[in-house]
Amino acid sequence: EMMQPKLNETILDPACGTAGFLISAYKHILKQNKEKALTPDEKLKLMNNLAGYDISPDMVKLALVNMYLHGFPEPKIHEYDSLTSEKRWDETFDVILANPPFMTPKGGIKPHDKFIKATKAEVLFTDYIAEHLKLAGRAGIIVPEGIIERSGTVYKQLRKKLVDDKYLWAVISLPAGVFNPYSGVKTSILLL
């Protein structure tokens, strides 16, 4: 609701998991347009404007099934590593919604050269999202608490980019335990 996705906007979740954010955005747009029901063509265009990426083949399958169950005839869910592949780097979106992974996988992350020089997944995903917003785009990202306040070099670089380039609009601190039992990490929402 804070991102207010609209009917003709493109929407991405670059770490989509089961596609929950995409389906929520779809339902939000339908609700906003309930006064005048969408035509079948408008509904299909809306469905084609939603895209999700995930590195895990199992998550991609779950996301596809979830979207099929919500009436999407051809979900735009791709098995894609948002942090190491450059194949989709030039794509931009009006709205990006994400709850990216906070942990770095075994073996680390080897991001390509277009990123801030970091190895932390939350820093790289935040950088990715800022880079893939259209000029007047909006994003909501769930990140570990303190990503904007930490003093490490990569955190300073990210903060400088988000503040100096006027991406950062708000930081919403969530209470501890919001994502229990799945994760006890204290989180914030960055609004870009």
Is [X] salt-bridged to [Y], cutoff N-O under 4.0 Å?
{"X": "E42", "Y": "K45", "result": "no"}
{"X": "E131", "Y": "K161", "result": "yes"}
{"X": "E9", "Y": "R138", "result": "yes"}

Reported [atom1]-to-[atom2] distance for the pair [X] and [Y], which is rounded to 0.5 angstrom:
{"X": "I141", "Y": "M3", "atom1": "CD1", "atom2": "CE", "result": "9.5 Å"}
{"X": "L22", "Y": "L97", "atom1": "CG", "atom2": "CG", "result": "7.0 Å"}
{"X": "D164", "Y": "Q157", "atom1": "CG", "atom2": "CD", "result": "12.0 Å"}
{"X": "L83", "Y": "I55", "atom1": "CG", "atom2": "CD1", "result": "7.5 Å"}
{"X": "D127", "Y": "L158", "atom1": "CG", "atom2": "CG", "result": "6.5 Å"}
{"X": "L64", "Y": "C16", "atom1": "CG", "atom2": "SG", "result": "8.0 Å"}

Distance-only side-chain donor-acceptor flag, [X] / [Y], under 3.5 Å:
{"X": "T10", "Y": "N49", "value": "no"}
{"X": "R88", "Y": "H132", "value": "no"}
{"X": "S188", "Y": "E145", "value": "yes"}

Taking atom [atom1] of [X] as the centre, report whether more than 12 heavy atoms of other residues, nucleotides or ligands fall under 6.0 Å from it.
{"X": "E79", "atom1": "CD", "value": "yes"}
{"X": "E149", "atom1": "CD", "value": "yes"}
{"X": "K43", "atom1": "NZ", "value": "no"}
{"X": "K27", "atom1": "NZ", "value": "no"}

Exercise. Using the side-chain contact (heavy atoms from CB on, under 4.5 Å) rule, pick out the option among D13, L12, L133 that qualifies with F93.
Key: L12
So, the side chain of [X] versus the backbone of [Y]: is there a donor-acceptor pair under 3.5 Å, distance only?
{"X": "N33", "Y": "I29", "result": "yes"}
{"X": "T187", "Y": "P144", "result": "no"}
{"X": "R159", "Y": "I147", "result": "no"}
{"X": "T126", "Y": "E122", "result": "yes"}

Self-check item: Joint cluster assignment, V123 & I148, ILVMFWY side-chain distance < 4.5 Å
Solution: yes
Quiz item: Do I142 and I172 belong together in a cluster built from hydrophobic side chains that touch within less than 4.5 Å?
Solution: yes
